[in-house]
Amino acid sequence: MDFLQPRSWSEALEAKAAHPDAVPIAGGTDVMVELNFDHHRPAFLLDLTRIEELETWSFDNGRVRLGAGVTYSRVIDELGRLLPGLAMASRTVGSPQIRNRGTVGGNLGAASPAGDAHPALLAAEADVELASVRGTRRLPLTEFYTGVKRNALAPDELIAAILITPPSGPQQFCKIGTRNAMVISVSAFGLALHPERKAVGTGIGSAAPTPRRAYEAENFLAQALDAAGLWETRATMPPELAREFGNYVRSAASPIDDVRGTASYRSHSLAVMARRSLSWAWDDYRRAA
Amino acid sequence: MRITTTVNGARREVDDVWEGESLLYVLRERMGLPGSKNACEQGECGSCTVYLDGILVCSCLVAAGQVCDRDIVTVEGLSDQQGLHPVQQAFIDCGAVQCGFCTPGLVVTAHGLLARTEHPTDPEIREALAGNLCRCTGYEKILDAVRLAADRLADTPAGSAGRLR
Amino acid sequence: MTSAPTKVPAAPSETAALRGRIGDSPLRPDGTLKVQGEFAFGSDLWADEMIWGVTLRSPHVHARIVSIDVGPALATSGVYTVLTAEDVPGGNVGLDHADQPVLATGVVRYHGEPVALVAADHPEIARQAAKKIRVVYEELPAVTDGRRALEPAAPQVHDGGNLLRHLKIRRGNPDPVAPVVVSLDFEVGMQDQAFLGPESGLAVPDDAGGIDLYVATQWLHADQRQICQALGLPPEKVRLTLAGVGGAFGGREDLSIHVHACLLALRTGKPIKMVYNREESFFGHVHRHPASLRYEFGADHDGLLHYAKAEIVFDGGAYASSTAAVVGNGGTLGLGPYNIPNVQVDCYGVYTNNPPCGAMRGFGCVQAAFAHEALMDELADRVGMDRVAIRQLNGMREGDRNITGQLIDSAAPVAELLQLVQDMPLPAERLSEDEFDLLSLPGGVSNTTHGEGVVRGIGYAVTYKNVGFSEGFDDYSTARVRLEITADEPTVTVHTAAAEVGQGLITVEQQICRTELGVQRVVVHPRDTQVGSAGSTSASRQTYVTGGAVKAACEAVRAKVLERASTMLDLELSELVLDGAQIVSITGDVVASLQDVLGTDAVDETVKWSHRPTYPIDPETGQGDAHVQYAFSAHRAVVDVDTELGLVKVIALDTAQDVGKAINPDAVVGQIQGGSAQGMGLALMEEIVVTDGRVRNPSFTDYLIPTILDMPPMKIEVLEYADPHAPYGVRGVGEPPTISSGPAVAAAIRRATGKALRRVPIRPEHITEG
């Protein structure tokens with residue numbers, strides 16, 4: 001095993017081009033577990049912790065450009081107002097020590113369906129910026145996840161940043177775990193209301209081979225709110241609307257039974273989380289008037 | 001590979017490190033600092049908590065090569081010639097130590113909490129310590145210890161900051 | 001009615017301001033080292049020339065080993081040796097039955113069974129070499145269900161059938177009837193001890209074919225006996241010293257790295273260090289038996305129990321470990337601390353191809369308590385009685401006989417303990433949904449409810465547990481106590497082989513020596529096999545048994561010193577009292593200093609001490625005086641359940657327990673808090689998931705134990721009704737809270753949800769779908 005430690009982004013991209021089988025490591029919260037338990041012996045480790053630009057966030061055409069190496073702790077401390085859904089999700093990641101090291105880019109790189117950041121990012125309709133010596137490309141997050149723990153990165157590419165539009169409406173994130181801290185999600189749900197374009201964003205975690213959006217649920221809710229004029233009136237949300245939304249979210253999932261939970265519970269809990277989080281988001285929306 | 005880094009204020013250099021080793025392994029097996037504990041090696045127990053450039057991390061999840069030219073403080077670095085740090089003393093006084101395997105990690109984590117927050121509330125203590133598993137105590141006496149340490153630090157003339165790195 | 005408190009025997013010294021006697025709460029002598037990271041646990045040990053050992057384990061549940069080729073592994077650079085069953089000179093090992101090969105011999109019987117060993121320069125070299133060992137297996141049909149293991153057609157795990165033990169209790173009317181009958185089936189999942197310090201140790205060969213093993217364990221002499229058996233060596237060639245123990249809870253009563261490290265060290269001539277990682281730890285020790293329980297209670301319309309029937313099946317897994325004794329406990333104690341005139345119990349321990357199960361805190365009583373307490377609640381509801389009142393009505397009292405016919409001859413404060421927890425103030429009402437605090441709600445910061453669906457429930461449970469080893473076991477301990485003057489100060493050295501696993505026995509030994517000899521300075525000798533056996537650190541027995549041995553050794557030292565003084569001073573022995581640094585006459589005059597009497601000599605006494613005997617039970621009726629002492633505790637749990645999502649937040653977990661005499665009151669509270677947490681863990685989240693014999697969650701990512709955010713505040717009431725038969729009146733402390741806390745939590749969840757919940761751990765889907 002070799003340890004590569006580029007000092008700049010261009011060096012990192014060159015290293016990745018030269019060694020496409022190199023495993024990038026930042027916070028180490030996934031990679032080191034694989035190493036410690038002998039589940040993986042990569043030929044190269046590509047350390048990304050010496051690349052300052054990866055650890056910064058900035059504005060980019062009205063969006064937040066979040067460097068792939070920004071930790072969850074910093075998202076919570078610095079971006080709670082700009083990226084509320086992601087900050088709520090970040091607070092549920094592992095433990096304080098994990099949040100101090102783990103990065104949002106790492107969550108994408110691992111592409112586990114259980115990654116906590118995914119539902120919040122999907123709901124916020126984030127894009128991901130991938131780079132290689134060949135150039136840079138941006139793609140919607142929905143196109144990034146390609147399978148269980150697989151993503152759209154080419155062998156020579158690294159994740160540079162995540163681009164997220166600050167919200168025009170409330171966001172929520174909920175996650176089911178069987179204890180009150182340090183737990184991998186059994187199921188998770190992210191919700192964003194986009195009142196400026198009368199749209200709804202969703203994200204489902206741990207209930208399909210990849211994180212995914214519940215498009216039909218989004219469309220159903222956006223249209224129902226529109227049809228009832230609720231975006232404008234901000235009147236009370238009819239309970240059956242929230243319930244129906246929950247059912248749509250449930251239908252969007254294709255969960256499995258595993259050691260953490262059953263498929264039927266995952267489906268059920270998604271419906272409940274969707275309904276509840278919508279009611280909270282709607283209360284926020286009404287209060288914000 | 002050679003690792004050169006600062007541990008507990010001293011420059012340390014070790015050779016022949018395998019690239020897949022963790023900081024925890026390097027501390028325990030190569031630097032003679034076994035205070036950080038190897039309970040889970042997957043970031044799920046906090047027993048190996050150390051400061052890395054002033055931030056609390058699980059040393060089992062830091063690759064050895066990542067610590068070159070960084071600053072590490074382990075549990076062995078918390079006490080000094082004047083004796084135990086008030087957090088350490090409070091753990092003893094409150095009976096927060098039974099088998100003691102989780103203790104070094106908890107001491108470092110509590111140290112970190114009190115460096116940031118002078119008088120944490122109980123919910124703040126619980127959230128800060130939620131990454132540190134203890135199997136012996138049920139955590140009650142650990143809460144007592146953190147409360148006591150906070151009180152004692154507030155009573156020291158220099159205030160908490162003076163006693164914390 | 002309860003026993004009068006026992007008087008502490010005429011011990012010295014109202015004079016000196018002696019600190020840290022029994023009843024005080026002195027600080028642990030190892031605390032300073034532990035908070036500094038300087039305390040040497042098994043995994044911290046190091047020796048010159050040391051190399052690393054690793055284990056290759058079976059990937060199969062049940063398979064014949066066709067062949068093993070160690071060639072490629074042995075040829076790896078940095079590898080010193082590779083060992084298989086052929087290299088084991090002696091016989092099988094096992095705590096009760098020697099049924100387990102040190103390395104699988106011809107057949108593997110469970111997923112994770114050790115097959116081969118490698119020693120190399122670096123753990124990574126050893127790991128990669130182990131993967132190069134070519135083992136050809138031929139899979140065999142497996143039995144992975146405890147009840148199915150008893151069917152005649154089931155695959156046989158060992159020659160001689162799958163039944164390890166069948167315990168029968170037949171008491172009173174064999175065909176009892178009652179106007180009110182309730183019954184249930186209950187399942188308990190496989191719990192892990194999940195001690196934080198993984199199995200570890202260092203084996204150092206000497207020049208004469210012998211070995212020194214430094215290991216984290218619970219019972220040095222039982223280890224030594226088995227290691228000798230496996231290595232074919234006499235005890236003087238196998239010397240054990242206790243390394244720092246990172247928790248135990250039963251999981252270190254059986255061997256883990258012990259023989260493996262010794263084999264590698266003897267073969268290579270080098271010190272061998274072995275340290276399991278967390279994954280291997282889940283395969284490296286026994287677990288709590290999963291159990292399948294069928295219970296029936298018959299009672300009158302006022303809730304008075306008339307009969308009870310129980311059938312309990314403990315899945316012992318592939319090797320016996322302590323299954324027979326677990327069956328003993330589950331059978332004799334499995335109906336709880338209640339008076340029941342007519343009883344039929346059938347308790348089985350069986351072999352399967354699941355991971356071996358053995359000791360864990362609560363030992364056979366934990367599983368049963370979930371069943372009898374759930375059924376007691378059901379009976380209360382059926383007859384329209386309060387759930388506490390029905391337990392008080394049926395609860396044992398001193399002078400009653402339990403279901404094996406044994407007289408309860410010291411305090412049995414079942415009703416009082418329940419009353420104490422019931423009378424404790426309840427936690428504040430939940431905040432309204434407008435002012436919720438996520439951390440106090442089910443789901444916590446995961447933000448699953450702001451109060452929606454949340455219902456509060458309160459549950460009660462009570463238990464009793466035997467202390468010490470039962471059914472006629474020769475349950476003794478040995479203590480050596482030495483008194484001398486060092487640097488002008490009287491100094492006591494106490495030496496036992498009793499494993500300090502975190503519970504604080506070393507502090508208790510100091511306290512007893514101070515109390516008996518009036519000497520402040522008490523040095524605790526490292527624990528090793530150079531002194532006689534102390535028995536196991538299990539069964540809540542060490543304060544009682546090793547405490548008794550230390551007390552007796554102190555008394556012997558005191559007698560020797562006074563004899564010496566009597567001769568030297570020509571005074572009647574009966575007129576002398578040892579009081580710390582001086583010899584005093586009964587009138588209170590100082591007649592000599594200890595220094596005068598001892599000079600440079602030491603008085604050194606070793607005593608082997610046993611508690612009063614127990615007896616085997618009758619094989620057909622189960623009647624007999626099986627146990628030496630009983631300890632009682634009661635819990636009240638208050639939970640908030642998100643009834644729609646099935647998530648639980650425990651709001652309070654309050655205990656009352658009779659400890660006889662609190663030798664160290666602070667440590668007693670620590671034991672109760674920690675024990676309560678483990679019981680709660682089993683009720684809510686802790687389970688090794690085994691599917692078709694395979695362990696699916698061998699990690700702290702998926703085997704969850706409670707965090708500080710899961711534990712509620714715990715109010716504790718400690719009663720001290722001395723047991724007149726025990727030293728100082730002590731009663732074992734460690735286990736009862738682990739037994740009664742889980743059933744109380746389960747009861748509270750049933751109360752909140754109205755669901756039957758006949759399995760633990762209770763998973764969210766059991767609440768939402770059950």
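Because the structure is a prediction, the values reported are computed rather than measured. The figures that follow rest on heavy atoms only: side chains count, while hydrogens, waters and symmetry mates do not. Lettering follows sequence order; numbering is per chain, from 1.
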With no hydrogens and no angle check, is any side-chain donor or acceptor of Arg278(C) less than 3.5 Å from a backbone partner on Ala39(B)? yes
Non-hydrogen atoms of chain B under 4.5 Å away: do they reach the side chain of Glu124(C), the backbone, both or neither? side chain
Would you mind checking which part of Thr32(C) comes under 4.5 Å of any heavy atom in chain B, side chain (CB onward), backbone (N, CA, C, O), both or neither? both
Are side-chain heavy atoms of Phe39(C) and Cys99(B) found at a separation under 4.5 Å? no
Per-residue contacts, residues 57-70 of chain B versus chain C, heavy atoms under 4.5 Å: none
Could you look at Glu38(C) and say if it's the side chain, the backbone, both or neither that has a heavy atom under 4.5 Å from chain B? side chain
Using non-hydrogen atoms and a 4.5 Å limit, figure out which bit of Thr701(C) sits close to chain B: side chain, backbone, both or neither. both
For His122(C), what residues pass the ring-ring contact (aromatic ring centres under 6.0 Å, His included) criterion, not counting sequence neighbours? Tyr25(B)
Interface check, chain C: of Glu41(B), Glu29(B), Glu44(B), Gln89(B), most non-hydrogen pairs under 4.5 Å belong to Glu44(B)
Contact origin within Cys134(B) toward chain C - heavy atom pairs under 4.5 Å: backbone
Under a 4.5 Å heavy-atom cut-off, does chain B meet the side chain of Ser281(C), its backbone, both or neither? neither
Once rounded to the nearest 0.5 Å, what's the spacing between atom CG of Leu196(C) and atom OG of Ser47(B)? 5.0 Å
Would you say Arg11(B) has more than 12 foreign heavy atoms packed within less than 6.0 Å of its CZ? yes
Please check if atom CG in Asp16(B) has more than 12 non-hydrogen atoms from other residues, nucleotides or ligands closer than 6.0 Å. no
Measure the shortest side-chain to side-chain distance between Glu127(B) and Val445(C) over non-hydrogen atoms and say whether it is less than 4.5 angstrom. yes
Minimum heavy-atom separation for Asn38(B) and Ser43(C), please, with both atom names. OD1-OG, 3.4 Å
Whatever's closer than 4.5 Å to a heavy atom in chain B on Ile705(C) counts as both
Comparing Thr103(B), Leu133(B), Val107(B) against chain C, the one with the most heavy-atom pairs below 4.5 Å turns out to be Leu133(B)
Max heavy-atom pairs within cutoff under 4.5 Å with chain B, candidates Glu279(C), Met680(C), Gln193(C), Glu500(C), goes to Gln193(C)
Can you list every salt bridge (Lys or Arg N to Asp or Glu O under 4.0 Å) pair that touches residues 96-106 of chain B, not counting sequence neighbours? none
Output the option from Gln42(B), Glu21(B), Glu76(B) having the highest count of non-hydrogen pairs under 4.5 Å with chain C. Gln42(B)
With chain B, which of Gly504(C), Ser676(C), Ala677(C), Ser699(C) has the greatest number of heavy-atom pairs at distances under 4.5 Å? Ser699(C)
pair Asp44(C)-Arg28(B): side-chain heavy atoms closer than 4.5 Å: yes
So which heavy atom on Val75(B) is nearest to which on Val35(C), and how close? CG2-O, 3.4 Å
Tell me, with the steps shown, if Arg126(B) and Leu439(C) meet side chain to side chain contact (heavy atoms under 4.5 Å, CB included). CA-CA 9 Å; Arg126(B) 286 183 190 271; Leu439(C) 278 181; 5.7 Å; no
Is the CD atom of Glu49(C) crowded by more than 12 outside heavy atoms at less than 6.0 Å? no
Interface residues of residues 135-142 of chain B facing chain C - non-hydrogen atoms under 4.5 Å apart: Arg135(B), Cys136(B), Thr137(B), Gly138(B), Tyr139(B), Glu140(B), Lys141(B)
Name the region of Asp122(B), side chain, backbone, both or neither, that has any atom closer than 4.5 Å to a heavy atom of chain C. neither
Among Gln673(C), Gln671(C), Lys34(C), Gln503(C), find the residue that satisfies the side chain to side chain contact (heavy atoms under 4.5 Å, CB included) test when tested with Gln98(B). Gln671(C)
With chain C, which of Cys40(B), Gly20(B), Gly35(B) has the greatest number of heavy-atom pairs at distances under 4.5 Å? Cys40(B)
Contact origin within Pro713(C) toward chain B - heavy atom pairs under 4.5 Å: both
